[in-house]
A.B. asks: 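What follows is a single structure, and I will ask about it in a moment.
Computed from a predicted model, the values in this text were never measured in an experiment. Chain identifiers are assigned alphabetically (A, B, ...) following the order of the sequence lines, protein sequences preceding nucleic acid strands; residue numbering begins at 1 within each chain.
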Amino acid sequence: MARRYWLMKTEPSAYSFSDLLNAPRKTDHWDGVRNYLARNTMREMKKGDRILIYHSSAAPPHAAGIAEVAREAYPDHTAFDPKSEHFDPKSSPESPRWFMVDVRAIEALPETVSLPDLKSNPKLSKMPLVQRGQRLSVQPVAAAEYREVLRMAGLKKPR
DNA sequence: GCCAACGTTGGC
DNA sequence: GCCAACGTTGGC
C-alpha cells in the first residue's frame, strides 16, 4: 500500500513541534484525541505515513513540521487515568474507546506556512483544514496537497 | 473575548 | 429516534 499523508493539529502552548523534536528519539505518543472521526482516522494510519504537524491557536496558525507514524494505533492509556485531563470513565483497558499513535519528528519546515497562505492557494482549497467550520484535529491530506505545502515551506526535497 | 460550527448528551 | 441544551474547537 502506498504511503499516505495526514495532518495533526496541536496547540503549541501545550505541545509544539519543537517539543516533539526534543523528545527522546524524536518520538512521542499522540494522546488526548477524543473525537470519534479523528480517532477513526488515526486507526487508518500506517507506519511510515507522513504527517504535517499544524499549530492551531497560534498567531497566525501555521504548518510547523513534518513527522511520520512510528507506531500504529493502540489504546490511549490517558483515558484510564482519573487524574488525567483526558480521563474517560467509559473507556477501560478491557474495552478501550480511545486510541493514539506514536509520531516521530522528521524535520521542521524551513519556513512555516500560515493558515492565510494555505487558504489563498487554490490547490489546497479542498483541504478540510481551510474549509470553514472544520474542526477535525486529525485529518487526511492528499499526496499532491502534501507536496504543495512542502513546496510553499521551501522544502525542495520531499520527505 | 467573541462566536460560528459542530459534536455530544440526555429528556422525552 | 428526535432535538434542544450544552460543551468544545479554534479562527479572528
A.B. asks: Going by atom types alone, do Y36(A) and R97(A) pair a side-chain donor with an acceptor below 3.5 Å?
C.D. replies: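 Yes, side-chain donor-acceptor contact under 3.5 Å.
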
A.B. asks: Are R50(A) and Y146(A) in a cation-pi contact, defined as NZ or CZ under 6.0 Å from the six-membered ring centre and within 45° of the axis?
C.D. replies: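 So R50(A) doesn't make the cation-pi contact.
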
A.B. asks: With the criterion being N/O to N/O and under 3.5 Å, what pairs connect the protein with nucleotides 4-12 of chain C, and how long is each?
C.D. replies:
residue	atom	partner	partner atom	Å
dT9(C)	O2	R135(A)	NH1	2.3
dG10(C)	OP1	K9(A)	NZ	3.0
dG10(C)	OP1	R135(A)	O	3.0
dG11(C)	OP1	Y54(A)	OH	3.0
dG11(C)	OP2	S57(A)	N	3.0
dC12(C)	OP1	K119(A)	NZ	2.8

A.B. asks: Just by distance, with hydrogens left out, do S91(A) and R34(A) show a side-chain donor and acceptor under 3.5 Å apart?
C.D. replies: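 On atom types as modelled, these side chains do not qualify, holding no pair under 3.5 Å.
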
A.B. asks: Please give the remaining members of the hydrophobic cluster of M8(A), linking ILVMFWY side chains under 4.5 Å, ordered by chain and number.
C.D. replies: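 When side chains under 4.5 Å apart are linked, the cluster holding M8(A) also contains W6(A), Y15(A), F17(A), L20(A), L21(A), W30(A), V33(A), M42(A), M45(A), I51(A), I53(A), V69(A), V101(A), V103(A), V138(A).
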
A.B. asks: Please say whether the positively charged group of R71(A), taken as NZ for Lys or CZ for Arg, lies over the ring of Y74(A), i.e. under 6.0 angstrom from the six-membered ring centre and within 45 degrees of the axis.
C.D. replies: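 Checked: cation-pi criterion met.
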
